[in-house]
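Here's the structure, in structure tokens; my notes come after.
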Amino acid sequence: MPWVNLIIAGLLEVFWATTMKMSDGFSKMSFSVMTVIGMILSYVFLIKATKYLNLSVAYPVWTGIGAIGSILAGMLLFKEHISPITWFFIVLLFIGIIGIKVTGEHA
């Protein structure tokens, strides 16, 4: 269950980052409220995950999910362009997240 909580926390990080962009500098109330709610819920699920997982594993995985998810959201929702070299680093980030998860469980 801690890994499920961590994945939910990461997905909620993508949600609040996306709604923060959509809030237009917190000038659109509905997206601003969704941002704050998403932040709170993301932290709640991260807290639940870190109760059972090492911080040295949970935090980088959480931020990695948020980073990769936000890149994808930017591309899909906001038509942001990603250069080929950036894709290379996204793949490295993904490999790093998997590596931290796999090796961190045995520490």
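Basis for what follows: all heavy atoms, side chains included, without hydrogens, waters or symmetry-related copies.
- In this structure a side-chain-to-backbone donor-acceptor pair under 3.5 Å is missing from S42 to G38.
- Within the 4.5 Å cutoff, the side chain of V57 has heavy atoms near those of the W3 side chain.
- Taken together through direct or relayed side-chain contacts under 4.5 Å among Ile, Leu, Val, Met, Phe, Trp and Tyr, L12 and V4 form part of one hydrophobic cluster.
- The CD1 atom of I82 sits 5.0 Å away from atom CD1 of I90, with the distance rounded to the nearest 0.5 Å.
- Pairs passing the side-chain hydrogen bond (donor to acceptor under 3.5 Å, both in side chains) check and including a residue from residues 76-88, sequence neighbours excluded, read S83-T86.
- With hydrophobic clusters built from ILVMFWY side chains whose heavy atoms lie under 4.5 angstrom apart, V102 shares a cluster with Y59.
- Taken from CD1 in I8 to CG in L46, the straight-line distance is 12.5 Å, to the nearest 0.5 Å.
- A search for side chain to side chain contact (heavy atoms under 4.5 Å, CB included) contacts involving A17 returns S70, not counting sequence neighbours.
- Members clustered with F89: I85, F88, L92, by chain and number, using a 4.5 Å side-chain heavy-atom cutoff among hydrophobic residues.
- In this structure, K48 NZ and T50 OG1 are separated by 11.5 Å, a value rounded to the nearest 0.5 Å.
- Counting only residues at least two apart or on different chains, the ring-ring contact (aromatic ring centres under 6.0 Å, His included) pairs with a member in residues 26-48 are Y43-W62.
- Taking the side chain to side chain contact (heavy atoms under 4.5 Å, CB included) definition, one finds that V91 meets it with I95, sequence neighbours left out.
- By the rule that hydrophobic residues join a cluster once side-chain heavy atoms approach within less than 4.5 Å of another member, V14 and M39 end up as members of separate clusters.
- Listed by chain and residue number, I40 satisfy the side chain to side chain contact (heavy atoms under 4.5 Å, CB included) test with V36 (two or more places apart in sequence, or in another chain).
- Criterion: ILVMFWY side-chain heavy atoms under 4.5 Å apart, direct or through other members. Under it, L53 and V44 are not part of a common hydrophobic cluster.
- M22 and L11 are assigned to two separate hydrophobic clusters, defined by single-linkage of ILVMFWY side chains at heavy-atom distances under 4.5 Å.
- Scanning for side chain to side chain contact (heavy atoms under 4.5 Å, CB included) contacts around S56 gives N54, with sequence neighbours left out.
- Distance check, rounded to the nearest 0.5 Å: CG of L76 to CD1 of I71 gives 12.0 Å.
- Listed by first and then second residue, the side-chain hydrogen bond (donor to acceptor under 3.5 Å, both in side chains) pairs that reach into residues 5-23 are T19-T35, sequence neighbours excluded.
- Minimum heavy-atom separation, L6 to I65: O-CD1, 4.3 Å.
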